[in-house]
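Written below as structure tokens is the structure these notes are about.
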2 protein chains.
Amino acid sequence: MSSRPRTRTSDASGPDTQADLGKTIQRLRKAYNLSLGELSEQSGVAKSIISQIERNETNPTLSTVMRLSRALDTTVDEVLRGEQQSLFIEHQTKSGIPMLESQDGKCKLAIVGPLNLVDSFQWYDFHAQEKGVLESSPHPQGTVEHLYVVTGKLEVTTSGETKLASAGEALRYRADVPHKIVNVGTTAAHAVMVLALKQFGTPS
Amino acid sequence: MSSRPRTRTSDASGPDTQADLGKTIQRLRKAYNLSLGELSEQSGVAKSIISQIERNETNPTLSTVMRLSRALDTTVDEVLRGEQQSLFIEHQTKSGIPMLESQDGKCKLAIVGPLNLVDSFQWYDFHAQEKGVLESSPHPQGTVEHLYVVTGKLEVTTSGETKLASAGEALRYRADVPHKIVNVGTTAAHAVMVLALKQFGTPS
DNA sequence: CCAAATCGTTCGTTATATCGAACGCTGGTT
DNA sequence: AACCAGCGTTCGATATAACGAACGATTTGG
């Protein structure tokens, strides 16, 4: 036993431990010209622990990280995020919106979301007149469609199941099978739809 | 050596444990309408632990806090600040849909989909009165926010850049930095917002 | 040269964070 | 009512983070 690389059990929820937390701590400590003993005295954390933390051999308690952060005159968040800092803005304005119409001409689908990029979803603005019906053929495998009703009342049918949603409600359903949206209200309906494409499978 | 440029009191007398960490966690959990069991499943943390954390009966491990933060779509730092910023105050609607209000009370953010965690994105219904301002602290690294204006005119500011969008237009911008949405129109504004959380990829 | 000091690491013990199961409670259903 | 499902809490066992002391390896200076 004793010192072994020890792979973290790390459930299926992804990387929980910041990989280079120890490196960051050590970098800060050395930036202040502190020895382990000194930092231990100033932070109140045993130097053995600091040593282990710097080598990522332990999974520190929140209070420990806070004490170290305070002693190093910084915040927990800054310690966690290391030095990777990037900020640029990316904007995309819409002009010349392509539009789709249903067979009965009563539904209009405006593509507002990012269609051209690698994002794993697209989204649409959906308008339906009274009794309008939109039938869709299957989308790619694993696609999930999210429908948020802004006004009116819509009914979604997929795989034999039918669900109803009024204004302010949201529906979620499989879109990799034929599905149908019907405006069952007495007025026109307005909804926003998001298509979530399956990009990455669960590692299970 | 050892001449610290910094005069730290460094006596560990400070509050090493954030007193209201539990309250913040609970507030976030309830804002997403999650039960302890659900959050446990999504975060990978035992629900008993979450219960104890919310009542400040334990001193959580860093990895635990990180897992919870990720599941709650926020950062460790934001969880730790919690009380200080209080960008939002909770508000429960009659229909059970959790709602967030901006500081000035002029903006309302309704969480539409509880689907956020599994699908790596979530979305909101956004209503802003005239001159309403919504300030958001950074979301997790790599998060991109999509804003689709249904009615009115909104202005988004991120990292010093400002972009305008009218009804029918969409904006896309980084959300892992502080950002602000302002209703600059002469009427109330309505928009739908989608947060695309980062999927694991190579950080360039 | 050889102590003395100090560095970072490692060891044994204690404290406790975490987990899973079981618990009582409440709200909806037959 | 009685039932069931789901909530939040509590409880025992286990894993492990934290601590203090001791350890070799440097460096210092006498």
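Just so it is clear, the model here is predicted, and its values are computed rather than measured. In what follows, chains carry the letters A, B, and so on, assigned in the order in which the sequence lines appear, proteins first and then strands, with residues in each chain numbered from 1.
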Distance check needed: [N] [atom2] versus [X] [atom1], whole Å only.
| X | N | atom1 | atom2 | result |
| --- | --- | --- | --- | --- |
| Leu62(A) | dA17(D) | CG | C1' | 13 Å |
| Leu21(B) | dA17(C) | CG | P | 13 Å |
| Ile53(A) | dT9(C) | CD1 | P | 12 Å |
| Glu41(A) | dG8(C) | CD | C1' | 17 Å |
| Ile50(A) | dA17(D) | CD1 | P | 16 Å |

Side-chain donor-acceptor pairs of residues 181-196 of chain A under 3.5 Å, sequence neighbours excluded:
| from | atom 1 | to | atom 2 | distance (Å) |
| --- | --- | --- | --- | --- |
| Asn183(A) | OD1 | Gly185(A) | N | 3.1 |
| Asn183(A) | ND2 | Ala128(A) | O | 3.3 |
| Asn183(A) | ND2 | Gln129(A) | O | 2.7 |
| Asn183(A) | ND2 | Thr187(A) | O | 2.9 |
| His190(A) | NE2 | Asp125(A) | OD1 | 2.6 |
| His190(A) | NE2 | His127(A) | NE2 | 3.4 |

Practice prompt. Check Leu39(B) against Ala71(B) and note the closest heavy-atom contact, atom names and distance.
Written response: CD1-CB, 3.8 Å
Response to the item:
Correct closest heavy-atom pair for Val149(A) and Gly152(A) would be CG1-O, 3.5 Å
Item to complete: Starting at CG of Leu21(A), measure out to CD of Gln26(A) and round the result to the nearest 0.5 Å.
Response: 11.5 Å
Discussion item. Generate the contact string for nucleotides 3-10 of chain D. Rules: B means base contact, S means sugar-phosphate contact only, - means no protein heavy atom under 4.0 Å.
Written reply: ----SBBB
Worksheet item: Heavy-atom distance under 4.5 Å between the side chains of Val65(A) and Val76(B), does that happen here?
Response: no
Fill in: Contact under 4.0 Å: Thr58(B) side-chain N or O vs dT16(C) OP1/OP2
no
Fill in: Under 4.0 angstrom between Arg67(A) side-chain N/O and dC19(D) OP1 or OP2
yes
Worksheet entry | Test log, rule side-chain contact (heavy atoms from CB on, under 4.5 Å), inputs Lys23(A) and Asn56(A) | CA-CA 8 Å; Lys23(A) 210 184 69 181; Asn56(A) 291 317; 5.8 Å; no
